[in-house]
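Here the structure is laid out as structure tokens; the discussion comes afterwards.
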Amino acid sequence: MTALDVIKARVPDAAPVIGLVLGSGLGALADHVDGAVFIPYSDLPGFPHTTVSGHSGDLVFGQLGGVSVAMLRGRAHYYENGDAAAMRLPLETLQALGVKAMFLTNAAGSLLPDAGPGSPLLITDHINFSGANPLMGETSDKRFVAMENAYDPDLTALMRDTAAERGISLAEGTYMWFSGPVFETPAEIRMAGVMGAAAVGMSTVPEVILCRFLKLRVVALSLITNLAAGMGDTALSHEQTKSVAGDGAQTMETLVTGFLEHIAHGDVSL
Ligand code: HPA
């Protein structure tokens with residue numbers, strides 16, 4: 001049985017059009033899904049065994065903001081076992097179910113002094129600083145993926161409009177992927193700033209690459225949990241990330257749900 005077979009057997013009428021990846025501390029979004037059906041990753045062959053606390057590891061189907069969604073609650077990270085492609089099968093599975101666009105979320109450190117802990121940040125581009133790529137080993141010519149407009153301009157604009165309409169101040173900029181699992185040094189953060197990064201984190205970029213490989217459209221939001229290393233007074237830790245992300249989950253829920261309501265109204269067709 002493949003993961004797709006398991007899903008079709010358990011949720012025969014699943015017809016998600018948007019997939020979501022819920023990052024560290026952001027899993028509570030699944031509580032707002034209408035008619036939710038949960039399938040643990042452990043029941044889905046090839047889905048990752050997440051080792052990161054704050055990532056529960058299940059796939060959730062249902063309706064959010066009037067849109068049929070599939071939520072990946074918990075992701076695999078490159079730093080867990082050195083596999084940058086660990087999210088390939090989950091993304092391929094969602095694509096096979098009819099998903100057209102992925103809404104990726106994460107917890108991140110900020111290089112923007114005005115976007116401190118609790119601020120949402122719209123990712124408009126990225127820098128892959130990890131040296132890894134989920135398409136290493138792929139042999140088809142499809143591996144030469146163009147990464148201009150990887151963050152879909154129409155979906156990104158819709159996210160900006162949604163935030164404005166809800167009165168939420170939304171920072172934006174380039175997300176720089178560090179492999180982790182350690183946090184960055186202050187010197188690395190100074191370098192990231194010179195290179196144009198607005199935020200840093202340990203995820204998301206491999207998923208964006210895989211999505212573009214699979215021709216899935218992407219919109220991505222960070223929940224800033226801290227000013228990046230050397231910029232703030234708070235000691236960085238995973239506990240701190242989870243706790244601030246949990247506090248910001250309400251803002252993320254407003255943004256994600258508002259965005260999906262616009263999709264339901266056909267403001268951007270997928
Ligand atoms: N760096 C990398 N990843 C993170 C950070 C950070 O400062 N905060 C939350 N995730």
Side-chain angles (χ1 to χ4, degrees), residues 20-29 48 50-56 72-84 86-87 103-132 134 151 170-209 220-252 255-256:
L20 295 98
V21 178
L22 306 185
S24 292
L26 299 170
L29 204 55
T50 68
T51 63
V52 186
S53 66
H55 283 257
S56 38
L72 293 162
R73 190 159 67 143
R75 56 160 52 93
H77 303 77
Y78 172 55
Y79 63 73
E80 291 177 66
N81 51 20
D83 179 10
M87 293 300 283
F103 197 127
L104 307 175
T105 68
N106 61 39
S110 174
L111 279 87
L112 306 177
D114 292 341
S119 309
L121 180 142
L122 179 63
I123 304 179
T124 54
D125 203 346
H126 73 226
I127 298 171
N128 178 354
F129 192 69
S130 71
Y151 298 82
L170 184 59
E172 63 176 73
T174 299
Y175 175 91
M176 191 158 179
W177 178 32
F178 284 82
S179 73
V182 299
F183 288 99
E184 299 74 28
T185 64
E188 286 165 345
I189 293 303
R190 289 194 295 275
M191 173 201 70
V194 171
M195 290 180 163
V200 291
M202 308 177 194
S203 69
T204 309
V205 166
E207 293 152 27
V208 175
I209 293 169
L221 275 187
S222 291
L223 192 275
I224 298 300
T225 54
N226 55 278
L227 289 174
M231 293 178 60
D233 322 318
T234 330
L236 303 189
S237 69
H238 189 53
E239 282 312 312
Q240 198 267 349
T241 298
K242 283 188 296 184
S243 129
V244 180
D247 295 346
Q250 178 60 51
T251 310
M252 294 295 266
L255 290 173
V256 172

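Counting starts at 1 for both ligands and their atoms, following the listed order.
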>> Quick one, L221 and L122 - any side-chain contact, counting heavy atoms below 4.5 Å?
In response: yes
>> Using modelled atom types and a 3.5 Å cut-off, is there a donor and acceptor pairing between side-chain atoms of R75 and backbone atoms of T105?
In response: yes
Contacts table for ligand 1: protein N or O within a distance under 3.5 Å of ligand N or O, distances only.
unit_1	atom_1	unit_2	atom_2	d
ligand 1	1 (N)	E184	OE1	2.8
ligand 1	1 (N)	E184	OE2	3.3
ligand 1	7 (O)	N226	ND2	2.9
ligand 1	8 (N)	G109	N	3.4
ligand 1	8 (N)	T225	OG1	3.4
ligand 1	8 (N)	N226	OD1	2.7
ligand 1	10 (N)	A107	O	3.4

> Does anything in residues 110-129 pair up under side-chain hydrogen bond (donor to acceptor under 3.5 Å, both in side chains), and if so which pairs, sequence neighbours excluded?
Replying inline: H126-Y151, N128-S130
> Should L72 and M87 count as side-chain neighbours, where that means a heavy-atom distance under 4.5 Å?
Replying inline: yes
> Between N226 and T234, is any side-chain donor less than 3.5 angstrom from a side-chain acceptor?
Replying inline: no
> side-chain contact (heavy atoms from CB on, under 4.5 Å) between M191 and F129: does it pass, once the steps are laid out?
Replying inline: CA-CA 11 Å; M191 173 201 70; F129 192 69; 3.4 Å; yes
